[in-house]
Amino acid sequence: MKINSINIRSSNVRTRENRLGSITGYQGDLANLTRQTRCGQVKNRERCFSQSSTCLSSCAISQLTRIMDVAVIYHTPAGCTAVAPGSTVIGEQLAVKVGKKYETVIIGTDMNEIDTIFGGLTSLREIVLKTVETYRPKALFISGSCVSGVIGEDIDGLVTDLKSELDIPVIAVHCEGFKSRIWASGFDIADHAVLQGIVKPPKEKRQVINFKNFYESHRQEITDLFAGFGVKTQFLYTNSSVEDLSHLSESLATVCICGTLGTYLGNGLESLYGVPYIRTLNPMGVIGYEAWLREIGRVINKIYEVESYIERERAIYLPQITALAEQLAGLRAVIGMGPGYTYEVARVLQELGIEVAWAAAWHYDYKHDNGQPPPAMDFLDKHAANNFPLSVADQQNFEVMNILNTQQPDLYFSRHPGSTVWAVKQGIASVYVADEYMIFGYKGMLSFAKTILDTVRNRSFEKNLAAHTRMPYTDWWYRQNNDALLEKE
Ligand code: SF4
């Protein structure tokens with residue numbers, strides 16, 4: 001498939017806003033948004049007030065630092081490198097879990113006022129050479145930031161020079177935070193750097209599936225699942241090495257746990273090297289998992305094996321899931337998550353008979369890099385049990401609080417702790433869908449249904465917390481409609 005939005009010859013990645021028409025401001029409902037999507041009329045509505053959100057560079061750098069044997073030089077003032085300790089600690093902990101040694105380092109260049117006037121390329125160059133001499137990384141990423149971008153540091157020029165001096169891949173990473181309001185653009189920037197500087201053209205075909213996820217909590221289960229279909233798994237990027245990544249073009253297919261996370265790498269590998277990218281629902285809930293498995297089976301030519309697996313697992317889990325769904329039917333829920341999960345969880349909740357009272361997504365990609373709408377949205381367009389109110393906001397928590405206060409749902413589902421805790425303080429029972437595998441497959445669906453039941457049966461925690469918490473939001477704010485903050489359509 002020809003993917004026009006990926007240009008590997010440039011070190012710059014077009015942001016999601018201008019590559020995929022992504023938005024961070026919308027209020028309406030499912031039917032309206034899917035109609036606008038079909039007609040290509042999705043338009044961002046600016047806010048007259050915003051609270052702070054997340055920087056895309058933290059996404060890009062956290063992705064790159066999952067690789068086990070690289071150095072990331074972050075050309076930036078010290079404040080931006082606040083992401084560094086978290087990234088390396090996670091990398092170390094996840095490596096220990098699989099008995100590997102994590103050797104990646106992040107070095108901040110600590111730009112100061114003098115650098116912003118006279119430029120910091122000379123010291124950046126010295127830092128790069130010292131880093132290579134000290135840590136001997138297998139590849140080196142030089143990342144920009146808002147400050148280096150604003151003063152026009154020529155990182156590309158430095159990278160060109162260093163490539164002829166160093167015997168490892170040196171790659172420019174343009175993740176200036178001001179480029180995009182959508183932090184998922186950082187996933188694309190990291191993928192672009194890997195595609196541009198690490199992945200090599202194929203020499204052979206290997207019985208391997210590239211599998212992109214975040215924290216690998218189900219690494220063994222995924223390994224066993226794919227082994228049952230006769231293929232090995234190359235996990236990305238956690239616990240992968242530069243050598244592993246250099247072979248991604250030789251794999252049978254690329255699969256991801258979340259379409260928002262995987263769209264750039266998957267489409268890039270397909271368009272550059274012909275590695276098929278599995279574009280389907282996320283493997284969440286029964287419908288998503290089966291669609292995902294069947295598409296993998298079709299692409300790697302293991303249809304019979306996949307169907308046998310589905311039949312076996314259905315017999316074990318479906319009766320239990322159905323019994324729990326009967327107890328959950330009729331509950332009302334609000335969802336607040338990234339787009340890779342909001343529309344997927346909406347489908348899963350409807351599978352369990354739970355009414356989606358409102359779905360808030362932190363952004364909306366009205367198409368992915370193949371030019372098609374996200375599969376989860378396409379599914380809801382065709383099969384949703386009912387139309388429901390929907391908004392897009394880059395984690396504007398004050399809007400979520402307003403929605404929760406108006407809707408008074410039985411449950412709030414979020415994937416971000418900063419959002420979940422405020423809902424609990426407001427007295428709303430909440431489920432924090434932190435682990436990307438929390439609703440994975442039949443087993444995940446069963447335990448998710450049990451978690452929901454536990455959450456609604458005992459509401460003492462949120463009741464007590466709400467009774468002892470003074471919220472910063474006034475009655476005046478709760479009477480407002482979020483829509484009034486958005487520019488007119
Ligand atoms: S938005 Fe800019 S200044 Fe802020 S953390 Fe990101 S790169 Fe640094």
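Everything numeric in this text was worked out from a predicted model, so none of it was measured. Counting starts at 1 for both ligands and their atoms, in listed order.
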In the protein, N/O/S atoms that are found under 2.8 Å from atom 2 (Fe) of ligand 1, waters not counted: Cys146 SG
Atom 4 (Fe) of ligand 1 touched by protein heavy atom at under 4.0 Å: no
Parallel, tilted or perpendicular, as decided by the 30° and 60° cut-offs, for the rings of Tyr437 and Phe440: perpendicular
Aromatic ring pairing Tyr473/Tyr478, orientation class (parallel under 30°, perpendicular over 60°, tilted between): tilted
Part of Tyr74 with heavy atoms under 4.0 Å of ligand 1, whether side chain, backbone, both or neither: side chain
Arg66 side chain to Ser62 backbone, donor-acceptor under 3.5 Å: yes
Six-ring centre of Phe214, Arg415 cation under 6.0 angstrom, axis tolerance 45°: yes
Partner residues of Glu46 under the salt bridge (Lys or Arg N to Asp or Glu O under 4.0 Å) criterion, sequence neighbours left out: Arg181
Check against side chain to side chain donor-acceptor pair (under 3.5 Å), Ser391 and Trp358: CA-CA 8 Å; Ser391 57; Trp358 192 292; 2.9 Å; yes
Thr15 and Ser180: side chain donor to acceptor below 3.5 Å: no
